[in-house]
Amino acid sequence: MAYHGNGTYLVMEISNNSEIDFEVDYLKVYSVTGNKTKKASHQRLEMVPIYKYQVPSKISVGNSKMFVYVLPKFVLGKDEYLEMELHEGKGSRKVLLRDP
């Protein structure tokens, strides 16, 4: 994660270690606040990118792809973390990444 001007740059890399190509349907980024056990204090807000660079549509078996999401500038608080949700198109695989 890097800051420049009014943007927060998330540089990500996805590796496909499975035996099937991964066709990317979408990737969503969320800002999560609070504790999941206390539902009243848990909040998950989608962060809409203002720019995407080289986002892959497919990750072949044994390959990796690096890409960038630019989000409006933000700073995570003490009890906040990022969560990324990657969904497969034409399939049912879903990858959930958390950066607490």
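- A 4.5 Å side-chain heavy-atom check between Met47 and Tyr30 finds every atom pair outside the cut-off.
- Between Ser31 and Leu76, the shortest heavy-atom contact is OG-CD2, 4.2 Å.
- Distance check: Leu45 CG to Glu80 CD gives 9.0 Å after rounding to the nearest 0.5 Å.
- Counting only heavy atoms from C-beta outward, the side chains of Met1 and Thr8 approach each other to under 4.5 Å.
- For the pair Leu71 and Ile50, the minimum side-chain heavy-atom distance is 4.5 Å or more.
- Taking hydrophobic clusters as Ile, Leu, Val, Met, Phe, Trp and Tyr residues chained together by side-chain heavy-atom distances below 4.5 Å, Tyr9 does not share a cluster with Val29.
- In this structure, His87 and Tyr26 have parallel ring planes: the angle between them is below the 30° cut-off, well short of the 60° mark.
- Residues passing the side chain to side chain contact (heavy atoms under 4.5 Å, CB included) test with Ile20 are Ser18, Arg93, sequence neighbours excluded.
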Query raised in the report: Can Val32 and Leu82 be said to form a side-chain contact (heavy atoms from CB on, under 4.5 Å), step by step?
Result: CA-CA 6 Å; Val32 183; Leu82 284 183; over 6 Å; no
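- Side-chain contact check for Asp25 versus Glu88: every heavy-atom pair is 4.5 Å or farther apart.
- The side-chain contact (heavy atoms from CB on, under 4.5 Å) test with Leu86 is passed by exactly one of Val24, Leu96, Leu97: Val24.
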Per-pair distances, 0.1 Å, donor-acceptor, side chain in residues 51-69, under 3.5 Å, sequence neighbours excluded:
from: Lys58; atom 1: NZ; to: Asp21; atom 2: OD2; distance (Å): 3.4
from: Ser64; atom 1: OG; to: Ser15; atom 2: OG; distance (Å): 2.7
from: Tyr69; atom 1: OH; to: Leu27; atom 2: O; distance (Å): 3.1

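- Tested against Phe22 for a side-chain contact (heavy atoms from CB on, under 4.5 Å), the candidates Asn17, Asn16, Ile14 yield a single pass: Asn16.
- Residues passing the side chain to side chain contact (heavy atoms under 4.5 Å, CB included) test with Glu19, sequence neighbours excluded: none.
- Residues Met84 and Val70 fall into different hydrophobic clusters, defined by Ile, Leu, Val, Met, Phe, Trp and Tyr side chains chained together at heavy-atom separations under 4.5 Å.
- In this structure a side-chain-to-backbone donor-acceptor pair under 3.5 Å is present from Tyr3 to Phe74.
- The salt bridge (charged side-chain N to carboxylate O under 4.0 Å, His left out) search around Arg44 returns Glu83, Glu85, not counting sequence neighbours.
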